[in-house]
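Down below is the structure, laid out as structure tokens.
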Amino acid sequence: MHTQLHPTIVEDYASNASNTGNSVLILDQTRLPQIAVQVRLNTVDDVAHALRSMQVRGAPLIGVTAAYGVALGLNHDASDSQLAQVIALLAATRPTAVNLHWALARMQRVLQKSALVTRRETAWHEARAISAEDVLTNVSIGEHGLHMLTMHPRNDAALHIMTHCNAGRLATVAHGTALAPIYAAHAAGIPVHVWVSETRPRNQGLLTAWELAEAGVPHTLIADNAAGLLIMQGKVDLLIVGADRIAANGDTANKIGTYLKALAARAHGVPFYVAAPLSTIDFSCLAGFAIPIEERAAAELGVGNVPVLNPAFDITPAHLITGIISERGVTTAEELAQWKT
Ligand code: MRU
């Protein structure tokens, strides 16, 4: 789908026989879109910092990076107590994105079963597997989403799709989730145009605009508050957003501002889709009220000396969601339980 792109995460292979890594290189998303620079993460503390500071961000990429963080954390000490400490450190970095906790639980499950002598190798192997699976999962989300887009009526030469935050390749190892169907449609020759909302306060919309430009997909950046007007004016055929955690009943946590878009979409009869891998569905969370909402620093709003509340996510109730697109296909929130394994 993409050629010659700056990878979001890449392992630095050690030239040793044990097939373990020394470090991982991440694309520093706090420097984008101004400059594309890589940062080397050598230790689990480096990984925890990259996650907290959002040098690495986006639910699937957070999970992959955390898995590599576990591997880095075991490089010099693979004991049970070190494993527990490393997992606790990483788990505390971002509360809402369940892919983080999903990846850590998977690493823990596999590593607890592994003998101490092979644990380091197993950790790198499993982190690589999680990373590789992310790519395939997103290709699949793209294919299912493309099928839906192919059948979607459009009022204009192009299909106008609104998205929020960045749920593109930068939020994953490759292809993205919400943007995967858009890339697939673009590649299939379906004319698409993307309304990209700015996404205050962190402006992840700029990341979306950057990667859409990189891929040659027509797009227009808007202030978050312009979304309602455009939806009302009939300039939006459908919305596709990502997700940080989907509860068992389909209620969906995604970047703050998503809920208002879903409300506007419902008010004007515009379909509202969520695209996410199965690892974003938390069947242990019965409904949206149980999803922890991350509160971030006041400084992100760029003001000093005023009281600030900065919730990073909101909950879109299942009844506002037309469909959830995953690697299994497209389903309604009511039918989400069919994906429980
Ligand atoms: O705080 P962020 O930038 O990590 O939040 C990202 C989002 O809310 C994305 O929409 C979500 O993680 C889906 S990413 C494929």
Side-chain angles (χ1 to χ4, degrees), residues 8-9 26-30 32-33 50-66 93-103 131 133-135 137-142 145 162-183 194 196-212 224 239-246 252-262 272-282 291-297 300-301 310-316 321 324-327:
T8 54
I9 186 161
I26 52 129
L27 183 58
D28 184 348
Q29 303 202 22
T30 60
L32 288 173
L51 292 171
R52 255 186 253 111
S53 65
M54 294 173 62
Q55 284 178 314
V56 164
R57 46 147 301 281
L61 187 61
I62 289 170
V64 170
T65 310
T93 54
R94 302 281 320 260
T96 304
V98 77
N99 307 61
L100 169 67
H101 307 281
W102 168 87
S131 175
E133 283 168 28
D134 181 63
V135 179
T137 295
N138 299 335
V139 168
S140 211
I141 290 174
M162 182 176 283
T163 191
H164 186 58
C165 193
N166 172 264
R169 78 166 192 92
L170 291 172
T172 64
V173 179
H175 311 305
T177 54
L179 296 195
I182 294 172
Y183 288 132
V194 186
V196 178
S197 73
E198 197 177 24
T199 316
R200 282 278 293 152
R202 295 288 298 219
N203 292 328
Q204 288 95 329
L206 300 184
L207 302 175
T208 298
W210 185 80
E211 64 162 273
L212 288 173
D224 293 354
L239 291 89
I240 312 181
V241 300
D244 288 83
R245 192 183 298 227
I246 302 174
T252 294
N254 191 49
K255 183 53 56 188
I256 193 82
T258 303
Y259 174 45
L260 287 177
K261 288 186 171 61
F272 181 94
Y273 288 91
V274 171
L278 295 176
S279 53
T280 303
I281 305 172
D282 182 358
I291 299 178
I293 302 288
E294 177 178 1
E295 274 183 36
R296 294 193 58 89
E300 289 189 343
L301 271 76
N310 184 15
F313 300 95
D314 59 24
I315 307 289
T316 299
I321 298 170
I324 297 175
I325 309 165
S326 85
E327 64 269 38

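For ligands, and for the atoms within them, numbers begin at 1 and follow the listed sequence.
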Assess whether side-chain contact (heavy atoms from CB on, under 4.5 Å) is satisfied between Val173 and Val64, documenting all intermediate values.
CA-CA 8 Å; Val173 179; Val64 170; 3.8 Å; yes
Donor-acceptor pair between Asn138 and Glu327 side chains, under 3.5 angstrom
no
Derivation of the side-chain contact (heavy atoms from CB on, under 4.5 Å) call for Met54 and Arg202
CA-CA 10 Å; Met54 294 173 62; Arg202 295 288 298 219; 3.5 Å; yes
What protein heavy atom sits nearest [atom], and how far away is it?
atom                    : answer
atom 4 (O) of ligand 1  : Gly58 N, 2.9 Å
atom 3 (O) of ligand 1  : Arg57 NE, 2.6 Å
atom 9 (C) of ligand 1  : Asn254 OD1, 3.5 Å
atom 7 (C) of ligand 1  : Asp244 OD1, 3.2 Å
atom 15 (C) of ligand 1 : Thr177 OG1, 2.9 Å

Atoms of ligand 1, numbered as shown, that sit under 4.0 Å from any heavy atom of [X]:
X      : value
Asn166 : 9 (C), 14 (S)
Pro60  : 14 (S), 15 (C)
Ala171 : 14 (S), 15 (C)
Gln204 : 1 (O), 2 (P), 3 (O)
Lys255 : 1 (O), 2 (P), 5 (O), 8 (O)

[X] side chain vs [Y] backbone, donor-acceptor pair below 3.5 Å:
X      : Y      : answer
Arg296 : Asn310 : no
Asp244 : Asn254 : no
Asn203 : Gly205 : no

Considering only NZ, NE, NH1 and NH2 on the basic side and carboxylate oxygens on the acidic side, decide whether Arg200 and Glu198 come within less than 4.0 Å.
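So Arg200 does not pair with Glu198 through a salt bridge.
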So which bit of Arg202 gets within less than 4.0 Å of ligand 1, heavy atoms only: side chain, backbone, both or neither?
neither
Can you tell me which portion of Cys165 lies within the under-4.0 Å heavy-atom range of ligand 1? Options are side chain, backbone, both, or neither.
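Just the side chain.
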Does Ala312 have a non-hydrogen atom less than 4.0 Å from ligand 1?
no
So is His164 in contact with ligand 1, going by heavy-atom distances below 4.0 Å?
no
Can you tell me which residue among Ile240, Ile321, Thr252 is in a side chain to side chain contact (heavy atoms under 4.5 Å, CB included) with Phe272?
Ile321
Looking at ligand 1, does any of its N/O atoms fall within less than 3.5 Å of an N/O of Ala59?
yes
Using the side-chain contact (heavy atoms from CB on, under 4.5 Å) criterion, which residues pair with Thr199? Sequence neighbours excluded.
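Listed in chain order: His164, Cys165, Ser197, Gln204, Asp224, Lys255.
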Holding to salt bridge (Lys or Arg N to Asp or Glu O under 4.0 Å), I want the full list of residues that pass it with Glu133, two or more places apart in sequence or in another chain.
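Residues passing salt bridge (Lys or Arg N to Asp or Glu O under 4.0 Å) with Glu133: Arg106.
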